[in-house]
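For clarity, every value in this text was computed on a predicted model and none was experimentally measured. Letters A, B, ... are given to chains in the order of the sequence lines, protein chains preceding strands, and every chain is numbered from 1.
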Amino acid sequence: MAKITFVQPGGASQTVEAREGDSIMQTALAHSIDGIFAECGGAMMCATCHCYIDDDRTGAASEGEQDMLECAEDEVRDTSRLSCQITVTEGLDGLIVHLPVPVE
Amino acid sequence: MIGQIVIVGAGQGGFQAAASLRQEGYDGRIILIGEEPEAPYQRPPLSKAYMKTGDAGQLALRPAAFYDTNAIELRKGTRVDAIDRRAQRIQIGDEDLAYDHLILATGTRNMRPPIAGLENTRDLRTLADAAALRDALARAERIGVIGGGFIGLEYAAVARAAGHHVTVAEAGARLMGRAVSSQMSDRFAQKHGEMGTDIRLASPVAAVTPDGMTLADGTQISADFVLLAAGVVPNVELALDAGLDVDNGIVVGNTLLTSDPSISVLGDCACFPDPATGRLVRLESVQAATDHARLIAKRLVTGDQSAYRAVPWFWSDQSDWKLQIAGLAEATDAAETLPDGTVLRLKGDQVTAVETVNNARAHMRTRKGMGQGSILTKEDFVSAQV
């Protein structure tokens, strides 16, 4: 188990116990975290699980992930990631995930 | 505000409609009815990741608690028998259920072509099908596949990678013939051939036995089991019996409403006007299901009568190739391959669809451009080539 904290754009945060082997996206869905839609189910087709993570432990985004991020609906930053592409491990305990401001 | 919305079909589109209604702020009753015993789950991975891993826990669209938290009354394992439009009620066995608005999300079922011995084939449509196929795969050496479309080829790629002998019999002249250009069909035929899969084109299957399949030309293909993946047909019977307009799907207008103002239709079973050309189309994709669902939810909650205009997109994972399609081409549209392998579908100078392999950048740029309403031309893509 690893504790992951999701922070909404307004500052509200929720810390959840994530199951190892799940992706951050699946963790968010399992805990009904707002802002992660994950339409394609983790197939790297939709960029609706976009989040911001400023933490070296998650490594770098792959080329394919970067290409998808480029077209995310929300504001793209240097820390942008697709949460479906990050697998939870014990080593990620304490990870903080910021969610984007929703685009209407 | 509408008091009670009933959604028939608890696949990805039906689920999305329920979720989007709540997101839009709808506070009436939502009843989501599905025939399968499971809560809504993702179907695309059944022929991809799930077939490799067997991990059904990864498929659920939301955890069980989601439905309680959002007051979505999920009725699994339930079949709707009829719609009484005048009374605005649906019939489930002996039970009557009223609706103020009805959303039909009945999806598709496997097409069963007139082939002798079809009862000897297996389906790959539901989680139960996929689980049974995984079990059979573990015991099989030789596998036959009827149909060289997305499901048949995705399955063939997984089975071949696991070391099985795989023969794909496609009745048409090329693979994925309804969906991609002939150039792309050829590339995939070559890819599967290089993997060691036996691809038989223009090879309708005449008969299936417990020992394999017989092609129309008499060729015997021995197989421990045969997968039927010859396409799907929309589930339109409920709508047809209720007197709604049906034409390769349940016909709706550009707000996805039927001729009955109390009934909307979404996803694989909807026959809707293509925003780009106005022609009636039916798309079998996650994209159409979810975009339809969001539009309908918004219309019902806010009264927004905007026409549907989402850009179609699609993907298929076959071995280490990810095929992506953005836009929607007609069969008669031209096809031109660019130096980087991107295939443009063209109506005159205008790009109607873009087919790529392992090129998310070109795919997403197309979706973005089309989504902004831009007319994309060949030049837009030629200038982007490096």
Side-chain angles (χ1 to χ4, degrees), chain A residues 4 6 8 14 16-50 61-76 80-88 99-104, chain B residues 12-13 15-16 19-20 22-23 40-46 48-50 53 55 57-70 285-287 289-291 293-294 298 311 313-317 322-326 356 358-372:
Chain A
I4 308 279
F6 292 93
Q8 296 294 337
Q14 191 179 346
V16 303
E17 293 274 359
R19 206 174 61 158
E20 278 178 63
D22 278 359
S23 66
I24 301 282
M25 172 205 90
Q26 286 162 333
T27 304
L29 293 183
H31 294 89
S32 301
I33 302 290
D34 286 340
I36 297 283
F37 297 98
E39 270 167 29
C40 76
M44 224 158 71
M45 280 301 296
C46 71
T48 60
C49 67
H50 178 207
S62 69
E63 199 181 321
E65 185 182 337
Q66 287 172 22
D67 290 344
M68 295 302 292
L69 281 166
E70 209 175 282
C71 292
E73 293 272 311
D74 346 272
E75 181 196 345
V76 180
S80 284
R81 293 297 306 270
L82 294 182
S83 59
C84 68
Q85 297 300 306
I86 301 169
T87 305
V88 175
L99 297 155
V101 179
V103 177
E104 189 41 59
Chain B
Q12 186 142 10
F15 159 79
Q16 185 65 52
S20 293
R22 288 294 179 234
Q23 271 164 17
Y41 61 89
Q42 303 171 59
R43 233 177 266 287
L46 294 180
K48 308 179 180 86
Y50 172 81
T53 66
D55 186 356
Q58 305 282 334
L59 298 176
L61 280 159
R62 289 295 183 275
F66 173 87
Y67 301 94
D68 287 339
T69 309
N70 288 282
S285 74
V286 165
Q287 174 275 322
T290 55
D291 282 335
R294 270 187 290 269
K298 191 168 190 184
V311 176
W313 53 262
F314 187 85
W315 85 99
S316 174
D317 294 325
K322 184 189 277 292
L323 167 69
Q324 296 179 302
I325 306 168
T356 51
N358 296 344
N359 187 349
R361 181 169 303 235
H363 173 74
M364 289 306 283
R365 283 187 175 159
T366 308
R367 271 164 63 179
K368 200 166 191 175
M370 288 180 171
Q372 290 163 348

Asks: If every non-hydrogen atom of A:G64 is compared with every non-hydrogen atom of B:A360, which pair is closest and at what distance?
Replies: O-CB, 4.1 Å
Asks: Between the side chain of B:Q12 and the main-chain N/O of A:E39, is any donor-acceptor distance below 3.5 Å?
Replies: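 Yes; at least one donor-acceptor contact below 3.5 Å.
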Asks: What is the minimum heavy-atom distance between A:M45 and B:F314, and which atoms define it?
Replies: CE-O, 3.7 Å
Asks: What closest approach, in Å, do A:C40 and B:W313 show between heavy atoms, and which atom pair accounts for it?
Replies: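 For A:C40 versus B:W313, the nearest heavy atoms are CB-CH2, 4.4 Å.
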Asks: Name the region of B:R294, side chain, backbone, both or neither, that has any atom closer than 4.5 Å to a heavy atom of chain A.
Replies: side chain
Asks: What's the separation between atom CE in B:M364 and atom CD in A:Q66, rounded to the nearest 0.5 Å?
Replies: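 Atom-to-atom, B:M364:CE and A:Q66:CD are 14.0 Å apart.
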Asks: Can you tell which part of B:K48 gets under 4.5 Å to a heavy atom of chain A, answering side chain, backbone, both or neither?
Replies: neither
Asks: Might you point out which heavy atoms bring A:F37 and B:R62 nearest each other, and give the distance in Å?
Replies: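 Closest approach of A:F37 to B:R62: O-NH2, 3.7 Å.
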Asks: Just checking B:Q58: does its CD atom have more than 12 heavy atoms from other residues, nucleotides or ligands closer to it than 6.0 angstrom?
Replies: yes
Asks: Between B:K368 and A:E70, is there a side-chain N and carboxylate O pair less than 4.0 Å apart?
Replies: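 So B:K368 does not pair with A:E70 through a salt bridge.
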Asks: Under a 4.5 Å heavy-atom cut-off, does chain B meet the side chain of A:A38, its backbone, both or neither?
Replies: neither
Asks: Tell me the closest heavy-atom pair linking A:L29 and B:L61, and the distance in Å.
Replies: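 Reported closest heavy-atom pair: CD1-O, 3.9 Å.
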Asks: More than 12 heavy atoms of other residues, nucleotides or ligands under 6.0 Å from CD of A:E75: is that the case?
Replies: yes
Asks: By a 4.5 Å heavy-atom criterion (distance strictly below it), what part of B:R365 contacts chain A: side chain, backbone, both, or neither?
Replies: both
